[in-house]
2 protein chains.
Amino acid sequence: MPATTRLWVENRLLQDLPITERIRLVEQCDTVELAFGTVLCEPGHPILHVYFPRTACISLVTTLYGHPPLEMGLIGNEGMLGATLALGINTAPMRAVVQGAGSSLRMNCTQLRIALRDNPMLLCRLNQYLFVLLMQLAQTAACTHFHEIEPRLARWLLMTHDRAHANHFHLTHAFLANMLGVRRSGVTLAAGALQQRRLIRYTRGEITILDRKGLEAASCECYSAINTDAQ
Amino acid sequence: MPATTRLWVENRLLQDLPITERIRLVEQCDTVELAFGTVLCEPGHPILHVYFPRTACISLVTTLYGHPPLEMGLIGNEGMLGATLALGINTAPMRAVVQGAGSSLRMNCTQLRIALRDNPMLLCRLNQYLFVLLMQLAQTAACTHFHEIEPRLARWLLMTHDRAHANHFHLTHAFLANMLGVRRSGVTLAAGALQQRRLIRYTRGEITILDRKGLEAASCECYSAINTDAQ
DNA sequence: GCGCTTGTGTGCTGTAGCGAACAGACCCTC
DNA sequence: GAGGGTCTGTTCGCTACAGCACACAAGCGC
């Protein structure tokens, strides 16, 4: 195995850092397997660890009393959970749930604080990522309000597809309903429509993306809006 | 006029800074009168000035093609427009519109960058404020999706009341409809209901808050949720 | 094989809010 | 006082979605 492989961390936020800083950071991380459904933090509670997903995928959801949860943002290997530490704030703004099981680098929150102090490049990257998250939040909020279930579902599948590194993943209608903040049978309808158009296929929680281009056409413009922001 | 009056800047973000730093910052600001409806920045465009409202009130709105705008956040004299500069990013994340005419301190964006570099306390405050904004965004998003027009209207009026420093302000139904992302006649209905319950009174765009406690009871829990966060 | 859980299809009824349109009320200006 | 702009009240049909309920099918443990 060549020496460079050792430094390949499968997380773009870390990967984009200069090599010396990257090594130092990764050495302070441990690798954890995140199981589907695990709640990594709750709003208002202190952050203990930050996560740099490798193959895992983490949802940021808001909860309103008496209502199902609602997803506001999605974190894959392009980002991290806990970027608000860059603001010097130790409190989680939202609930974070593992939405796609997989591996992730994990770092102690106090170690990250020290790293942020000593490492201006890291701070800069986290700040940039926070900005992207902010835009994502705003876009998602408007999308959730104005757009219909079907395009929203398509967008959601695309975003997950981007982060899952596979065109096949496990997702039940009930789970999707929670993410989109709608009824379960609403998802059944929308998913049925997408399946009939041969864009996806699903059976008992196993979803396969058949036609990415078609899904992009079926999704609302929010997908491309968020993606162009991110770059 | 006593010497301390000179330092009273009517903006809590600035006011809470140590006196020497406050003086230096305020000296770099000019005072501007913001007229109702003025667009201060557009998403994706560079930020030229930041604003520390004194009596003015600024809305952060997202726009989705083919839909009315939707308000995501409200900035009064407790905050500022352009806090994302603390992230080292010079681009506006959302459109900002003057929602309540009034005066504001304005500062050149490059001057603020310099101030941020030299003044860790300022950076810290902006970061804190960004976090509050983030929470506000998430809460508003969920509220917009799940709650009905009437409680949302009540919440909106309360938030404006907090920032207007008067229990009487100018707001037409059409304008409120844009803020809430709903139809104008929907606002007429909701406002009519609130008026019938003697919580507000309005005539031709002039709204008066009659019963604040009652409004709080009529509003959704998001009002208190956001307000406790802010403190 | 049995029963359990989980996931999906489908059917109701109820309703908040949309779209569009129109009418009345008020205000300012000429 | 006439006329046009602005603001508000109200109507009608329509749709997306909620809330709920039930049936069925696949898979699992036993």
Side-chain angles (χ1 to χ4, degrees), chain A residues 35-37 64-70 99 101 142-157 168-197 200-208 218 220, chain B residues 35-37 64-71 99 101 142-157 168-197 200-208 218-220:
Chain A
F36 174 82
L64 233 48
Y65 182 77
H67 293 278
L70 176 62
Q99 183 249 98
C143 176
T144 302
H145 185 59
F146 289 117
H147 292 153
E148 286 150 25
I149 297 185
E150 197 176 313
R152 283 178 60 210
L153 175 60
R155 166 163 97 92
W156 198 93
L157 291 174
H168 180 269
F169 28 87
H170 182 85
L171 292 166
T172 68
H173 289 186
F175 178 79
L176 287 166
N178 275 348
M179 290 298 108
L180 301 176
V182 299
R183 236 177 4 144
R184 204 260 309 150
S185 53
V187 173
T188 303
L189 247 55
L194 293 181
Q195 176 156 251
Q196 216 148 36
R197 289 158 67 188
I200 61 168
R201 190 178 54 217
Y202 64 89
T203 38
R204 301 192 64 69
E206 301 301 318
I207 293 200
T208 312
C220 52
Chain B
F36 174 82
L64 232 48
Y65 182 77
H67 293 278
L70 176 62
E71 185 184 80
Q99 182 249 99
C143 176
T144 302
H145 184 60
F146 289 117
H147 291 152
E148 287 149 24
I149 297 185
E150 198 177 315
R152 283 178 59 209
L153 176 60
R155 166 164 96 90
W156 198 92
L157 290 173
H168 180 269
F169 28 86
H170 182 85
L171 293 167
T172 68
H173 289 186
F175 178 79
L176 288 167
N178 275 348
M179 291 298 109
L180 301 177
V182 298
R183 231 178 9 144
R184 204 258 312 152
S185 55
V187 173
T188 302
L189 246 55
L194 294 180
Q195 175 156 254
Q196 216 147 36
R197 289 158 68 187
I200 61 169
R201 190 177 55 215
Y202 63 88
T203 39
R204 303 193 63 68
E206 301 301 319
I207 293 202
T208 312
S219 77
C220 51

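Here is how names work: the chains are called A, B, and so on, in the same order as the sequence lines, proteins then strands, and each is numbered from 1.
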If you only use heavy atoms from C-beta on, which nucleotide in [options] is closest to the side chain of [X]?
X	options	value
Arg204(B)	dC20(D), dA25(C), dG17(C)	dA25(C)
Ser185(B)	dT11(D), dT8(C), dG9(D)	dT11(D)
Ile149(B)	dT11(D), dT8(D), dC18(C)	dC18(C)

field: Sugar-phosphate, base or nothing in reach of Gly205(A), heavy atoms under 4.0 Å
entry: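 Answer is sugar-phosphate: Gly205(A) comes under 4.0 Å of backbone atoms only.
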- prompt: So, is Tyr202(B) close to the dG9(D) phosphate, meaning a side-chain N or O under 4.0 Å from OP1 or OP2?
  reply: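 Yes, Tyr202(B) has a side-chain N/O under 4.0 Å of OP1/OP2 on dG9(D).
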In this structure, how many angstroms lie between the [atom2] atom of [N] and the [atom1] atom of [X], rounded?
X	N	atom1	atom2	answer
His170(A)	dG27(D)	NE2	P	13 Å
Leu180(A)	dA18(D)	CG	P	10 Å
Asn178(B)	dG17(C)	CG	P	16 Å
His173(A)	dA25(D)	NE2	P	17 Å
His67(B)	dG19(C)	NE2	P	9 Å
Glu148(A)	dC18(C)	CD	P	13 Å
Gln196(B)	dG9(D)	CD	C1'	12 Å
Gln195(A)	dT8(C)	CD	P	10 Å

query: For the helix from dG1(C)-dC30(D) to dC30(C)-dG1(D), how many degrees between its two end axes (five pairs per end), to the nearest 10°?
result: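 About 30° separates the two local helix axes.
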With a cut-off of 3.5 Å and sequence neighbours excluded, list every side-chain donor-acceptor pair involving residues 172-181 of chain A.
| from | atom 1 | to | atom 2 | distance (Å) |
| --- | --- | --- | --- | --- |
| Thr172(A) | OG1 | Phe175(A) | N | 3.1 |
| His173(A) | ND1 | Thr188(A) | OG1 | 3.1 |

- request: Would you mind reporting whether Phe146(A) and Thr144(B) have side-chain heavy atoms less than 4.5 Å apart?
  value: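 They are not in contact (no side-chain heavy atoms under 4.5 Å apart), so the answer is no.
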message: Counting C-beta onward and ignoring hydrogens, is there a side-chain heavy-atom pair between Gln99(B) and Leu171(B) closer than 4.5 Å?
response: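 The answer is yes; the side chains approach within 4.5 Å.
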task: Tell whether Arg183(B) reaches the base of dG17(C) with its side chain through a donor-acceptor pair below 3.5 angstrom.
output: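 Side chain to base: no pair below 3.5 Å.
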message: I'd like to know if Arg184(A) reaches the base of dG9(C) with its side chain such that a donor and an acceptor end up less than 3.5 angstrom apart.
response: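 Result: at least one qualifying N/O pair found.
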task: On DNA chain D, check which nucleotide each of Val182(A) and Gly192(B) is closest to and give me the residue with the more 5' one.
output: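 Its nucleotide being nearer the 5' end, the pick is Gly192(B).
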- prompt: What distance do Leu153(B) atom CG and Ile200(B) atom CD1 have between them, rounded to the nearest 0.5 Å?
  reply: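 The distance works out to 6.0 Å.
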Which atoms form the tightest heavy-atom contact between [X] and [Y], and what is the distance?
X	Y	value
Arg204(A)	His170(A)	O-CE1, 4.2 Å
Cys220(A)	Cys143(A)	SG-SG, 3.5 Å
Phe36(B)	Ala101(B)	N-CB, 3.8 Å

